S.K.: 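My questions all concern the structure below.
The structure displayed is predicted, hence computed values, not measured ones. All ligand and atom numbering here is 1-based and tracks the order in the structure.
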Amino acid sequence: MASELYLITPPRLPDVAAFCEDLAAALDAGPVACLQLRLKDVEDDAILRAADAILPVCHQRGVPLLMNDRPDLAITSGCDGCHVGQSDTPYAQARKLMGPGAQIGVTCKNSRHLAMEAGEAGADYVAFGAFFPSSTKDETTMASVEVLEWWAEMMTVPCVAIGGITQQNCAPLVEAGADFLAVINAVWGYPDGPAAGVRAFEAVLKG
Ligand SMILES: Cc1ncc(COP(=O)(O)OP(=O)(O)O)c(N)n1
Ligand SMILES: Cc1nc(C(=O)O)sc1CCOP(=O)(O)O
Ligand SMILES: [Mg+2]
């Protein structure tokens, strides 16, 4: 069983140019399956400027960029897809806006029902979490490893695990069958820098 790294940006990017240097180093350090641009409480203009700078860094390395929350901004900025939560644009509307070629994922917390609904509707992945307390996001629903095991055994739609995941605690999620581990702080806040954070995940994930 193999899991891949799904990287998410920090929630604020005060210096986008400096972030792009860190991002390039991180993507060059080891395998990253995709990047999600997740800026919270930030003006649309700033999100679009960030996407403009980040997109070439990703695409030069063959890494798709997904926009969090906002399929409309995903389209404007040329992102490859988007991630929507249960309080965001509904999946069906996101798909209608972005079209069949976009990669669209849906937050399903710890709910088999939400995941089956999203999977049947055509989501490219379902996301379960939070598996551990997160220093990035306070308000989360805790998820169990069992929901991952059940999904991985029963379904073919890929599943993402998120929430407080680190190089040290991710092994049970990998064993449970998570296709992707979505990570913020364990890479961007890694003591030796983001590139070292990606390398540390690579070492764990390749077993
Ligand atoms: C891969 C992935 N999984 C879950 C989330 C959380 O989405 P949501 O519940 O909409 O919360 P916010 O991220 O918008 O705060 C995610 N972004 N990515
Ligand atoms: C964005 C997000 N969504 C979550 C959920 O449970 O749906 S947890 C989370 C934060 C993930 O960041 P970190 O890897 O730093 O914990
Ligand atoms: Mg959201």
Side-chain angles (χ1 to χ4, degrees), residues 3-13 19 22 26 32-42 44 47 50-51 54 58 63-74 79-91 93-94 97-98 102-112 114-115 117-119 123-145 147-148 151 157-170 172-174 178-191 194 197-198 200-201 204-205:
S3 307
E4 297 178 74
L5 188 57
Y6 176 138
L7 203 49
I8 303 181
T9 64
R12 297 283 170 97
L13 296 177
F19 175 74
D22 284 347
V32 174
C34 81
L35 180 75
Q36 180 189 124
L37 177 56
R38 177 179 179 273
L39 297 180
K40 299 305 272 190
D41 305 316
V42 167
D44 287 6
I47 296 175
I54 288 169
C58 289
V63 175
L65 180 64
L66 307 192
M67 178 71 74
N68 188 43
D69 292 342
R70 298 284 299 276
D72 56 333
L73 296 186
C79 282
D80 304 284
C82 67
H83 180 92
V84 289
Q86 294 299 321
S87 310
D88 302 319
T89 305
Y91 166 78
Q93 203 178 325
L97 283 167
M98 291 206 73
Q103 296 170 47
I104 304 181
V106 179
T107 298
C108 300
K109 302 171 184 275
N110 190 41
S111 167
R112 298 177 184 207
L114 290 176
E117 227 173 45
D124 292 287
Y125 67 81
V126 299
F128 295 110
F131 286 94
F132 304 98
S134 167
S135 59
T136 306
K137 184 169 168 170
D138 294 338
E139 281 184 36
T140 54
T141 308
M142 295 313 285
S144 68
V145 167
V147 75
L148 269 184
W151 184 266
V157 174
C159 60
V160 175
I162 190 168
I165 298 171
T166 67
Q167 298 84 350
Q168 288 74 38
N169 68 18
C170 66
L173 307 177
V174 176
D179 296 286
F180 300 95
L181 304 180
V183 170
I184 302 178
N185 188 56
V187 166
W188 305 113
Y190 195 71
V198 170
F201 267 112
V204 177
L205 296 182

S.K.: Does Asn185, backbone or side chain, put an N or O under 3.5 Å from an N or O of ligand 2?
M.R.: yes
S.K.: So, does Lys40 sit close enough to ligand 1 that a heavy atom of it is under 4.0 Å from the ligand?
M.R.: yes
S.K.: Applying side-chain contact (heavy atoms from CB on, under 4.5 Å) to Ile8 and Thr136, what does each step give before you reach the verdict?
M.R.: CA-CA 11 Å; Ile8 303 181; Thr136 306; over 6 Å; no
S.K.: Please give me the minimum heavy-atom distance between Pro172 and Asn169, naming the atom from each residue.
M.R.: CD-O, 3.3 Å
S.K.: Using a 3.5 Å cut-off on N or O atoms only, is Ile165 in polar contact with ligand 2?
M.R.: no
S.K.: Tell me which protein heavy atom sits closest to atom 10 (C) of ligand 2, plus the residue, atom name and distance to 0.1 Å.
M.R.: Ser134 OG, 3.5 Å
S.K.: Apply side-chain contact (heavy atoms from CB on, under 4.5 Å) to Asn68 and Lys40, showing your working.
M.R.: CA-CA 9 Å; Asn68 188 43; Lys40 299 305 272 190; 3.7 Å; yes
S.K.: Could you find the nearest protein heavy atom to atom 10 (O) of ligand 1 and give me its residue, atom name and distance?
M.R.: Asp88 OD2, 2.9 Å
S.K.: Mark up the atoms of ligand 1 that fall under 4.0 Å of a heavy atom belonging to Asp69, in ascending order.
M.R.: 10 (O), 14 (O)
S.K.: So if I apply the side-chain contact (heavy atoms from CB on, under 4.5 Å) rule between Pro71 and each of Met98, Gln93, His83, which one comes out positive?
M.R.: Met98
S.K.: Please round to the nearest 0.5 Å and tell me the distance separating atom CG of Asp179 and atom CG of Leu148.
M.R.: 9.0 Å
S.K.: So which heavy atom in the protein is nearest atom 6 (C) of ligand 1, and how far is it from that ligand atom?
M.R.: Thr107 OG1, 3.3 Å
S.K.: Between the main-chain N or O of Ala178 and the side-chain N or O of Ser3, is there a donor-acceptor pair closer than 3.5 Å?
M.R.: yes
S.K.: Can you confirm, on distance only, whether ligand 2 has an N/O atom lying under 3.5 Å from any N/O atom belonging to Thr141?
M.R.: no
S.K.: Run the numbers for me: atoms of ligand 1, each under 4.0 Å from some heavy atom of Tyr6, listed by number.
M.R.: 1 (C)
S.K.: What do you reckon, does Lys109 put a non-hydrogen atom under 4.0 Å from ligand 2?
M.R.: no
S.K.: What's the verdict on side-chain contact (heavy atoms from CB on, under 4.5 Å) for Ile184 and Arg38, showing C-alpha distance, side-chain angles and the deciding distance?
M.R.: CA-CA 10 Å; Ile184 302 178; Arg38 177 179 179 273; 4.0 Å; yes
S.K.: Run the contact test for Phe180 against ligand 1 with a 4.0 Å cut-off on heavy atoms, strictly below, and give the result.
M.R.: no
S.K.: Which residues pass the salt bridge (charged side-chain N to carboxylate O under 4.0 Å, His left out) test with Asp22, sequence neighbours left out?
M.R.: none
S.K.: Please report the closest heavy-atom contact between Leu205 and Leu5, naming both atoms and the distance.
M.R.: CD1-N, 4.2 Å
S.K.: Flag the pair Arg12 / Asp41 as yes when at least one side-chain heavy-atom distance between them is below 4.5 Å, and no otherwise.
M.R.: yes
S.K.: Do any N or O atoms from the side chain of Asp124 and from the backbone of Ile104 form a donor-acceptor pair under 3.5 angstrom?
M.R.: yes
S.K.: List ligand 2 atoms under 4.0 Å from Arg38, heavy atoms only on the residue side.
M.R.: 1 (C)
S.K.: What protein N/O/S atoms sit under 2.8 Å from the Mg ion (ligand 3), by chain and number?
M.R.: Asp69 OD1, Asp88 OD2
S.K.: Kindly indicate, with the supporting measurements, whether the criterion side-chain contact (heavy atoms from CB on, under 4.5 Å) is fulfilled by Leu13 and Ile54.
M.R.: CA-CA 11 Å; Leu13 296 177; Ile54 288 169; 4.0 Å; yes
S.K.: Out of Arg70, Lys137, Gln86, Gln36, whose heavy atom sits nearest atom 17 (N) of ligand 1?
M.R.: Gln36
S.K.: Look at the aromatic rings of Phe19 and Trp188 and report parallel, tilted or perpendicular, splitting at 30° and 60°.
M.R.: tilted
S.K.: Should the proximity of Lys109 to ligand 1, defined as any heavy atom under 4.0 Å, be assigned to the side chain, the backbone, both, or neither?
M.R.: neither
S.K.: Please state which option from Leu7, Ile162, Val187 has its nearest heavy atom closest to atom 3 (N) of ligand 2.
M.R.: Ile162
S.K.: Thr140 versus ligand 2: do any nitrogen or oxygen atoms come within less than 3.5 Å of each other?
M.R.: no
S.K.: Report the distance from atom OH of Tyr190 to atom CZ of Phe201, rounding to the nearest 0.5 Å.
M.R.: 9.0 Å
S.K.: Out of all atoms in ligand 2, which are within 4.0 Å of some heavy atom of Ala130? Include the element for each.
M.R.: 6 (O)
S.K.: Quick check: does Ala182 get an N/O under 3.5 Å from an N/O on ligand 2?
M.R.: no
S.K.: Considering only heavy atoms of Gly164, which atoms of ligand 2 have at least one such atom less than 4.0 Å away?
M.R.: 13 (P), 14 (O), 16 (O)
S.K.: Tell me whether Tyr125 has any N or O atom under 3.5 angstrom from an N or O of ligand 1.
M.R.: no
S.K.: In the structure I gave you, are the side-chain heavy atoms of Ser144 and Asn110 within less than 4.5 Å of one another anywhere?
M.R.: yes
S.K.: Report the nearest protein non-hydrogen atom to atom 13 (O) of ligand 1: residue, atom name, distance rounded to 0.1 Å.
M.R.: Arg38 NE, 2.7 Å
S.K.: Could you check atom 5 (C) of ligand 1 against the protein and tell me its nearest heavy-atom contact, residue, atom and distance included?
M.R.: His83 NE2, 3.3 Å
S.K.: Considering only non-hydrogen protein atoms, determine which one is nearest to atom 15 (O) of ligand 2 and report residue, atom name and distance to 0.1 Å.
M.R.: Thr136 OG1, 2.4 Å
S.K.: Counting C-beta onward and ignoring hydrogens, is there a side-chain heavy-atom pair between Thr166 and Phe132 closer than 4.5 Å?
M.R.: no
S.K.: How far is atom 14 (O) of ligand 2 from the closest protein heavy atom, and which atom is that?
M.R.: Ile184 N, 3.0 Å
S.K.: Could you tell me whether the side chain of Val204 reaches within less than 4.5 Å of the side chain of Cys170, counting heavy atoms only?
M.R.: yes
S.K.: Quick check against the 3.5 Å criterion: does Gln36 have a side-chain atom that pairs as donor or acceptor with the backbone of Tyr6?
M.R.: no
